[in-house]
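Take a look at the structure below.
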Amino acid sequence: MTYTLWVTFFLILFILLQYTSADLVSNVCAQTRNNTLCSQTLYNSSEYSNNTDAKGLAYIMIGAALDRAAHNLIYVKGLIDNQTSTNPNAANQCLQVCYKDYNLVVKAIIPNANQSLSAGTTFVAAVAILYSADKILDCQDKDCVKMSSNLNDKCNEYADFAQLVADVLRVTP
């Protein structure tokens, strides 16, 4: 009889923990500008588990921003290499500036956001993430867009995602 009672207790506890975490993602993402993208990002993360707390969700979102910025950095590097190999004398100064900006975002700004979250200053983390979106505006220079309209789209997508991350940070205690 006691065994059955303990099994029932742990089963109920396990079920409640599952729903609590799922409800946390729903509650946090409902307060953002893109509930669907927020939920998909969190649920599809390898770091997400049923017992992830609100701060853990914020870490996942910052990590996703870092991944997106790193992919864009690689894309810009490819554009620079392509410009250099096809026309070595081409004026690709805007791509060089864009590369430096993304490099700064990936190597300093987003890691600083992560450190700020670790220190418990979610506001500073949100400011850093929003600054990373502002920093890549150089990539939307008309000369860069002429070389790759896809770059403009990638920058806009990153900026939108950075705002989403800031939304998650805003609701993180």
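These values consider heavy atoms only, across backbone and side chains, with no hydrogens, waters or symmetry-generated copies.
To the nearest 0.5 angstrom, Asn51 atom CG is 11.0 Å from Leu24 atom CG. How far CD1 of Ile60 is from OG of Ser49: 7.5 Å, rounded to the nearest 0.5 Å.
As summarised for Cys38 and Cys29, their two SG atoms come within a distance smaller than 2.5 angstrom, satisfying the threshold.
In terms of modelled atom types and a separation under 3.5 Å, the side chain of Ser45 and the main chain of Leu42 share no donor-acceptor contact.
Pairs of residues two or more places apart, or lying in two chains, never qualify as disulfide (SG to SG under 2.5 Å) while including a residue from residues 101-138. Identified under the salt bridge (Lys or Arg N to Asp or Glu O under 4.0 Å) test for residues 115-126, with sequence neighbours left out: none. Counting only residues at least two apart or in different chains, salt bridge (Lys or Arg N to Asp or Glu O under 4.0 Å) contacts with residues 43-63 are absent. Residue pairs satisfying the salt bridge (Lys or Arg N to Asp or Glu O under 4.0 Å) criterion with at least one member in residues 114-142, sequence neighbours excluded, are listed as follows: Asp101-Lys135. Residue pairs meeting the side-chain hydrogen bond (donor to acceptor under 3.5 Å, both in side chains) criterion with at least one partner in residues 156-170, sequence neighbours excluded, are Arg33-Asp167, Ser132-Tyr158, Gln140-Asn156.
Cys155 is linked by a disulfide (SG to SG under 2.5 Å) to nothing, counting only residues two or more places apart in sequence or in another chain. Evaluation of the side-chain hydrogen bond (donor to acceptor under 3.5 Å, both in side chains) rule for Thr172 yields no partner, not counting sequence neighbours. With sequence neighbours left out, the side-chain contact (heavy atoms from CB on, under 4.5 Å) criterion links Ala159 to Ala133. For Ser46, there are no side-chain contact (heavy atoms from CB on, under 4.5 Å) partners two or more places apart in sequence or in a different chain. The side-chain hydrogen bond (donor to acceptor under 3.5 Å, both in side chains) search around Thr121 returns none, not counting sequence neighbours.
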Show me the side-chain donor-acceptor pairs of residues 104-116 shorter than 3.5 Å, one per line, residues at least two apart or across chains.
residue	atom	partner	partner atom	Å
Asn112	ND2	Ala108	O	3.2
Ser116	OG	Asn112	O	3.0

Residues 71-78 side chain polar contacts: donor-acceptor under 3.5 Å, at least two apart:
residue	atom	partner	partner atom	Å
His71	ND1	Asp67	O	2.7
Asn72	ND2	Tyr102	OH	3.0
Asn72	ND2	Lys154	O	3.4
Tyr75	OH	Ser148	OG	2.8
Lys77	NZ	Asp81	OD1	3.2

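Leu169 and Leu130 fall into different hydrophobic clusters, where Ile, Leu, Val, Met, Phe, Trp and Tyr side chains are chained together by heavy-atom contacts under 4.5 Å. Both Leu37 and Tyr43 are assigned to one and the same hydrophobic cluster, defined by single-linkage of ILVMFWY side chains at heavy-atom distances under 4.5 Å. Hydrophobic clustering (side-chain heavy atoms under 4.5 Å, transitive across Ile, Leu, Val, Met, Phe, Trp, Tyr) keeps Tyr131 apart from Val97. Taking hydrophobic clusters as Ile, Leu, Val, Met, Phe, Trp and Tyr residues chained together by side-chain heavy-atom distances below 4.5 Å, Val127 does not share a cluster with Val168. Using a 4.5 Å cut-off between side-chain heavy atoms of Ile, Leu, Val, Met, Phe, Trp and Tyr, with links allowed through other members, Leu57 and Val124 fall into different hydrophobic clusters.
Residue Val165 comes nearest to Ala65 through the heavy atom pair CG2-CB, 4.1 Å, listed as atom of the first residue, atom of the second, then distance. In this structure, Asn35 and Thr32 approach most closely via the heavy-atom pair N-OG1, 3.7 Å. Smallest separation of non-hydrogen atoms from Ser118 and Tyr59: OG-OH, 2.8 Å.
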task = Please test Cys139 against Cys144 for disulfide bond (SG atoms under 2.5 Å apart), starting from the C-alpha separation and ending with a verdict.
result = CA-CA 6 Å; Cys139 299; Cys144 282; over 6 Å; no
